[in-house]
*Asks:* 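I am attaching a structure below and will ask some questions about it afterwards.
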Amino acid sequence: MNGVRDRIAEALGAAMESMGLEIDPSLFVVERPARIEHGEFSTNVAMVAAKRLGVSPRSLAEKICGYLNENPIRHQERLEIAGPGFINFFLNCGYLHEELAQAVLKGEDSFALSGVGGGERVLLEFCSANPTGPLHVGNGWWASYGDALARLLRRCGYAVSTEYYVNDTGGQIRRLGESLLARRAGREVEEEGYQGDYVKELAAEYSGPEDVVAAGKWAAERNLKTIKISLDKLGIHFDVWFSQASIEESGAVEEILDLLDSKGLIAEEDSKKIFLSTRFGDSRDRYLVKAEGDFTYLAGDIAYHYNKFVVRGFQRVIDIFGADHHGQVASLKAAMDAVGVGSEKLEILLGQMVSLLSGSDRLKFSKRKGNLIPLEDLVDDLGPAATRLLSLSTSIDRATSVDLDKVKAESMDNPVYYIQYAHARMASIERVKDQRGIILPAISEVDLSLLVHPRELALMRELMSLPEVVEEAGLDRAPYKIANWLKDFSGLFHSFYHDCYVISDAVEIELTYARLYLVAGCKVAIRVALSLLGVEALEQM
RNA sequence: GCCCUCGUAGCUCAGGGGAUAGAGCAUCGGCCUCCGGAGCCGUGUGCGCAGGUUCGAAUCCUGCCGAGGGCGCCA
């Protein structure tokens with residue numbers, strides 16, 4: 001990274017040093033002011049440092065500006081001291097032309113590529129909905145988020161493997177088997193069973209033994225296939241599908257129990273075994289072995305996470321859970337500390353609940369009654385791009401409400417079309433260029449300094465911010481920041497497109513050349529961003 | 001009762017120490033002689049309440065109010 005901001009930060013450091021002062025770069029910021037009247041960049045360094053030095057911010061700012069005026073950075077036009085002590089940098093737009101050329105030359109493979117992850121091996125687990133039925137809108141909501149996060153982390157230099165944990169054992173599988181057998185026998189499914197129509201359909205096909213576990217496993221496998229098809233429609237593919245049963249059958253759970261026991265962290269109560277998790281900050285101790293001798297879900301989950309870290313050697317594990325699984329967080333983290341992995345290497349992101357509305361009515365759904373809306377139906381209605389962007393537009397920390405009627409009725413107004421249309425327009429300009437036989441000279445032969453229209457400047461500023469946005473979104477585990485950048489960027493492109501013709505008899509050919517490179521740079525950026533969200537870039541709508 | 005997350009415009013949401021708090025939708029009104037009108041331009045008396053920290057708080061801390069989720073030998 002040697003962007004303008006870094007150059008400004010370095011220059012500020014040098015200015016401080018010239019006065020015999022040192023300042024930690026993490027204490028001050030170089031940022032783009034909300035208003036362009038405040039310059040291209042501004043810094044609070046004088047305000048931050050003055051407090052520590054016991055001098056007035058403005059007088060320190062004046063000294064810093066004195067140094068910077070003697071030793072200006074490239075493209076520096078003038079400086080200004082404003083408000084309580086901000087130093088505002090006014091640069092000539094040459095720096096934007098340089099950044100544009102960089103974006104074009106780097107291309108899709110290298111632009112906005114960050115090494116901040118340092119090759120760290122990350123296991124990202126998400127979705128992991130139980131295979132007791134089709135994926136519905138609720139439990140599949142954050143799947144696009146997880147998939148986009150994986151893409152984002154890879155762009156930031158992490159070595160990411162994605163994983164779906166298949167809960168293919170335990171009480172719910174037995175219950176699924178019971179429901180299946182009941183349907184096959186023509187009986188009603190009991191209150192606690194699964195009553196959705198899909199159970200009837202599966203029952204009609206099941207020819208296996210009258211055994212709840214066998215029937216349950218068979219149905220779970222079928223459900224998993226359905227889930228994979230739904231995810232496939234959304235463009236989501238996992239590197240690994242990890243079976244919970246395989247962990248239990250491998251003896252790994254017993255090993256974990258022994259390990260915890262050897263550290264004196266297991267209490268016994270009759271035939272039950274309890275993990276003393278309160279010693280690691282949990283609010284209560286947790287059962288690992290039930291009275292009948294079965295393992296609890298937590299026991300398997302601890303073994304599973306131990307497998308991720310110790311057996312498979314991942315340096316960091318990120319789990320995306322629904323907020324209704326928040327109760328596991330403290331126990332799992334306690335367990336990671338207990339087995340010596342270190343809970344700080346386990347990041348658990350909680351996706352808040354989605355409530356579905358129909359008009360102003362909140363829809364009440366019940367898994368038991370099976371009246372949930374399949375995710376696949378939504379994808380069929382909206383298409384994968386619009387469906388993905390729907391959940392990718394908001395922070396995972398926020399409980400969102402989605403009005404299905406509105407979303408379907410306004411599907412043409414979905415922001416994804418606004419973004420894809422911007423890309424289609426870029427592609428269209430290039431088609432027109434080819435149709436008219438315009439031969440674009442090499443970028444080194446083109447005068448990019450002709451790009452001075454306010455629309456062009458605004459577009460280039462947004463363009464050059466993508467590398468920072470990608471890095472920030474990666475570090476914050478926040479792919480929605482990419483979605484927000486895309487919306488802003490697309491808006492600026494549409495404005496440019498409207499006000500600045502690229503190819504026209506009224507436009508000088510040299511300006512056409514420069515604008516064609518602007519479009520090329522924009523296309524690189526928007527394609528990178530769309531690929532991070534897993535949304536297709538359309539050549540035409 | 002305890003724990004987690006969240007209260008920003010009519011609605012859905014950004015902004016998460018920085019200068020005059022933004023976008024989409026909805027409303028009302030403008031814009032097609034040229035690269036695609038799925039577009040552009042205009043239209044907005046809003047940070048739940050009260051304290052605190054700070055040069056500076058929508059942002060951090062505390063309390064209160066409100067919403068969602070959790071507090072199983074379910075998974």
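Chain letters run A, B, ... following the sequence lines, proteins first and then strands; every chain starts at 1. Please read all numbers here as calculations on a predicted model, not as lab measurements.
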*Asks:* Could you give me the stems involving RNA chain B, meaning stretches of three or more consecutive Watson-Crick or G-U wobble pairs whose two defining distances are both below 3.5 Å?
*Replies:*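 RNA chain B forms these stems: B:1-7 with B:65-71, B:10-13 with B:22-25, B:28-31 with B:39-42, B:48-52 with B:60-64.
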*Asks:* Might you point out which heavy atoms bring A:Leu346 and A:Lys333 nearest each other, and give the distance in Å?
*Replies:*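 Scanning both residues completely, I find the closest heavy atoms to be O-NZ, 2.8 Å.
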*Asks:* Taking side-chain hydrogen bond (donor to acceptor under 3.5 Å, both in side chains) as the test, write out the residues that go with A:Arg477, two or more places apart.
*Replies:*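 side-chain hydrogen bond (donor to acceptor under 3.5 Å, both in side chains) check on A:Arg477 returns A:Tyr158, A:Glu347.
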*Asks:* Considering only nitrogen or oxygen atoms on both sides, find all protein atoms under 3.5 Å from nucleotides 30-35 of chain B and state each distance.
*Replies:*
residue	atom	partner	partner atom	Å
B:rC34	O2	A:Ser504	OG	2.6
B:rC35	O2	A:Val502	N	3.2
B:rC35	O2	A:Ile503	N	2.9
B:rC35	N3	A:Val502	N	3.0
B:rC35	N4	A:Tyr497	O	2.2
B:rC35	N4	A:Cys500	O	3.1

*Asks:* Under 4.0 Å between any heavy atoms, over every strand shown, what does A:Arg455 touch: base, sugar-phosphate, or nothing? Just pick one.
*Replies:*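 It contacts sugar-phosphate atoms only.
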*Asks:* Could you tell me how far B:rG68 sits from B:rG30 if I compare only their P atoms? Round to whole Å.
*Replies:*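 Those two atoms are separated by 44 Å.
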*Asks:* How long is the line joining CG of A:Asp324 and C1' of B:rG72, in whole Å?
*Replies:*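 Those two atoms, CG and C1', are 14 Å apart.
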*Asks:* Is the A:Tyr164-A:Phe242 ring centre distance short of 6.0 angstrom?
*Replies:*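 Between A:Phe242 and A:Tyr164, which both carry aromatic rings, the centre distance is not below 6.0 Å.
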*Asks:* When the P atoms of B:rU12 and B:rC35 are considered, how many whole Å apart are they?
*Replies:*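 Each nucleotide's P atom is 40 Å from the other's.
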*Asks:* Give A:Gln244 one of three labels, base, sugar-phosphate or nothing, depending on what nucleic acid heavy atoms sit under 4.0 Å from its own.
*Replies:*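 Sugar-phosphate contact only - A:Gln244 comes under 4.0 Å of backbone atoms but never of a base.
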*Asks:* Sorted by first residue and then second, give each ring-ring contact (aromatic ring centres under 6.0 Å, His included) pair with at least one member in residues 471-494 of chain A; sequence neighbours left out.
*Replies:*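 Sorted result for residues 471-494 of chain A: A:Tyr418-A:His494, A:Tyr421-A:His494, A:Trp485-A:Phe489, A:Phe493-A:Phe496.
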*Asks:* P atom, B:rC32 versus B:rA38: distance in rounded Å?
*Replies:*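 My reading of the P atoms in B:rC32 and B:rA38 gives 16 Å.
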*Asks:* In whole angstroms, how far is the P atom of B:rA14 from the CG atom of A:Asp476?
*Replies:*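 Going from CG in A:Asp476 over to P in B:rA14 covers 13 Å.
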*Asks:* Does A:Ser42 get its side chain close enough to the base of B:rA19, under 3.5 Å, for a donor-acceptor pair?
*Replies:*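 Between B:rA19 and A:Ser42, which were checked side chain against base, a qualifying N/O pair under 3.5 Å is present.
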*Asks:* If you check the A:Asn44 side chain, which of B:rA75, B:rG18, B:rG39 turns out closest?
*Replies:*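 Out of B:rA75, B:rG18, B:rG39, the nucleotide with an atom closest to A:Asn44's side chain is B:rG18.
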*Asks:* Under 4.0 Å between any heavy atoms, over every strand shown, what does A:Thr169 touch: base, sugar-phosphate, or nothing? Just pick one.
*Replies:*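 The answer is sugar-phosphate, as A:Thr169 gets under 4.0 Å only of primed atoms, P, OP1 or OP2.
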*Asks:* What interatomic distance, in whole Å, is found between C1' of B:rG37 and the corresponding atom of B:rG69?
*Replies:*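 The answer is 45 Å between these two C1' atoms.
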*Asks:* For a side-chain hydrogen bond (donor to acceptor under 3.5 Å, both in side chains) with A:Tyr304, tell me which candidate from A:Glu163, A:Gln244, A:Glu248 qualifies.
*Replies:*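 In the set A:Glu163, A:Gln244, A:Glu248, the residue that makes a side-chain hydrogen bond (donor to acceptor under 3.5 Å, both in side chains) with A:Tyr304 is A:Glu163.
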*Asks:* For the residue pair A:Asp24 and A:Ser26, confirm or rule out a side-chain donor-acceptor distance under 3.5 Å.
*Replies:*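 Yes - a donor-acceptor pair under 3.5 Å links their side chains.
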*Asks:* Using a 4.0 Å heavy-atom cut-off across all strands, classify A:His494 as base, sugar-phosphate, or nothing.
*Replies:*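 Sugar-phosphate, backbone atoms only, no base.
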*Asks:* Please state how far atom OH in A:Tyr418 lies from atom P in B:rA23, giving the value in whole angstrom units.
*Replies:*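 One finds 11 Å between P of B:rA23 and OH of A:Tyr418, rounded.
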*Asks:* Looking at the rings of A:Tyr145 and A:Phe126, which for Trp means the six-membered one, are their centres under 6.0 Å apart?
*Replies:*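 No; A:Phe126 has its ring centre 6.0 Å or more from that of A:Tyr145.
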*Asks:* Quote, to the nearest angstrom, the C1' distance that separates B:rG10 from B:rU53.
*Replies:*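 Roughly 36 Å separates the two C1' atoms.
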*Asks:* Hey, does A:Asn88 reach any base, or is it just sugar-phosphate, or nothing, if we go heavy atoms under 4.0 Å?
*Replies:*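 Touches a base.
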*Asks:* Atom pairs, N/O to N/O, protein against nucleotides 54-61 of chain B, distance under 3.5 Å?
*Replies:*
none

*Asks:* Counting the atoms with a prime plus P, OP1 and OP2 as sugar-phosphate, which does A:Lys433 contact under 4.0 Å by heavy atoms, base, sugar-phosphate, or nothing?
*Replies:*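 No contact.
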*Asks:* Could you name each residue pair satisfying salt bridge (Lys or Arg N to Asp or Glu O under 4.0 Å) that touches residues 277-300 of chain A, not counting sequence neighbours?
*Replies:*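 For residues 277-300 of chain A: A:Asp282-A:Arg286.
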*Asks:* Just to confirm, is there a sub-4.0 Å distance from OP1 or OP2 of B:rC74 to any side-chain nitrogen or oxygen of A:Lys290?
*Replies:*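 Checking B:rC74 against A:Lys290, a side-chain N or O does come within under 4.0 Å of OP1 or OP2.
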*Asks:* Using a heavy-atom cut-off of 4.0 Å across all strands, would you classify A:Gly171 as base, sugar-phosphate, or nothing?
*Replies:*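 Result for A:Gly171 = sugar-phosphate.
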*Asks:* Of all the choices, B:rG18, B:rG72, B:rA19, which nucleotide is nearest to the side chain of A:Glu31 once you look at every atom?
*Replies:*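 My answer, after comparing the listed nucleotides, is B:rG18.
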*Asks:* Sort and list the pairs that fulfil salt bridge (Lys or Arg N to Asp or Glu O under 4.0 Å) and have at least one residue in residues 495-515 of chain A, not counting sequence neighbours.
*Replies:*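 Salt bridge (Lys or Arg N to Asp or Glu O under 4.0 Å) check on residues 495-515 of chain A returns A:Arg455-A:Asp499, A:Glu456-A:Arg515.
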*Asks:* Give a yes or no on whether A:Ile509 atom CD1 has more than 12 heavy-atom contacts from other residues, nucleotides or ligands under 6.0 Å away.
*Replies:*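 Yes - once you tally the heavy atoms of other residues, nucleotides and ligands closer than 6.0 Å, there are more than 12.
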*Asks:* Just how far, in rounded Å, is P of B:rC74 from OH of A:Tyr297?
*Replies:*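 To the nearest whole Å, that distance equals 14 Å.
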*Asks:* I need the minimum non-hydrogen distance between A:Gln352 and A:Asp397, along with the two atoms involved.
*Replies:*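 Where A:Gln352 meets A:Asp397 most closely, the heavy atoms are CG-O, 3.2 Å.
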*Asks:* Between B:rG70 atom P and A:Ile348 atom CD1, what is the distance in whole Å?
*Replies:*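 Distance, rounded to whole Å: 16 Å.
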*Asks:* List in chain and number order the residues that pass side-chain hydrogen bond (donor to acceptor under 3.5 Å, both in side chains) with A:Arg32, two or more places apart in sequence or in another chain; answer none if no residue qualifies.
*Replies:*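 Per chain and number, A:Arg32 pairs via side-chain hydrogen bond (donor to acceptor under 3.5 Å, both in side chains) with A:Glu40, A:Tyr95.
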*Asks:* Of all residues at least two apart in sequence or in a different chain, which pass the salt bridge (charged side-chain N to carboxylate O under 4.0 Å, His left out) check with A:Glu254?
*Replies:*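 With neighbours one apart ignored, the set is empty.
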*Asks:* Between B:rG39 atom P and A:His423 atom NE2, what is the distance in whole Å?
*Replies:*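 In whole Å, B:rG39 P and A:His423 NE2 are 17 Å from each other.
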*Asks:* Taking the C1' atom of each, how far is B:rU62 from B:rA57, in whole Å?
*Replies:*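 Comparing C1' positions in B:rU62 and B:rA57 gives a spacing of 15 Å.
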*Asks:* Could you tell me how far B:rA58 sits from B:rG18 if I compare only their C1' atoms? Round to whole Å.
*Replies:*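 Pairwise C1' distance, B:rG18 against B:rA58, rounds to 13 Å.
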*Asks:* Between protein and nucleotides 4-6 of chain B, what N or O pairs are separated by less than 3.5 Å?
*Replies:*
residue	atom	partner	partner atom	Å
B:rC4	O4'	A:His326	NE2	3.2
B:rU5	O2'	A:Asp397	O	2.6

*Asks:* Taking atom C1' in both B:rU54 and B:rG44, what distance in whole Å separates the two?
*Replies:*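 After rounding to an integer number of Å, I get 31 Å for this pair.
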*Asks:* Looking at B:rA75, B:rC13, B:rC74, which one has an atom nearest to any side-chain atom of A:Ser401?
*Replies:*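 Between B:rA75, B:rC13, B:rC74, the one nearest the side chain of A:Ser401 would be B:rC13.
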*Asks:* With a 4.0 Å cut-off on N to O distance, would you call A:Lys308 and A:Glu125 a salt bridge?
*Replies:*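 Yes, this pair counts.
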*Asks:* Distance-only, no hydrogens or angles: does the A:Asp261 side chain make a donor-acceptor pair with backbone N or O of A:Leu257 under 3.5 Å?
*Replies:*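 Flag not set: sc A:Asp261 to bb A:Leu257 has no pair under 3.5 Å.
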*Asks:* Once you apply a heavy-atom cut-off of 4.0 Å, does A:Ala50 come out as touching a base, just sugar-phosphate, or nothing?
*Replies:*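 No contact.
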*Asks:* Just grab all the salt bridge (Lys or Arg N to Asp or Glu O under 4.0 Å) pairs involving residues 481-490 of chain A, residues at least two apart or on different chains.
*Replies:*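 Passing the test, one end in residues 481-490 of chain A: A:Glu472-A:Lys481, A:Asp476-A:Lys481.
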*Asks:* Report the distance from atom CG of A:Asp488 to atom P of B:rG24, rounded to the nearest whole Å.
*Replies:*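 From A:Asp488 CG to B:rG24 P: 9 Å.
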*Asks:* Do the side-chain N or O atoms of A:Thr394 get closer than 4.0 angstrom to the phosphate oxygens (OP1, OP2) of B:rU12?
*Replies:*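 Checking A:Thr394 against B:rU12: no side-chain N or O falls below 4.0 Å of OP1 or OP2.
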*Asks:* With A:Arg222, which residues qualify under side-chain contact (heavy atoms from CB on, under 4.5 Å), at least two apart?
*Replies:*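 By the side-chain contact (heavy atoms from CB on, under 4.5 Å) rule, A:Arg222 matches A:Leu202, A:Glu205, A:Trp218.
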*Asks:* Rounded to whole Å, how long is the line connecting atom CZ of A:Arg35 with atom C1' of B:rG18?
*Replies:*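 Rounded to whole Å, this separation is 13 Å.
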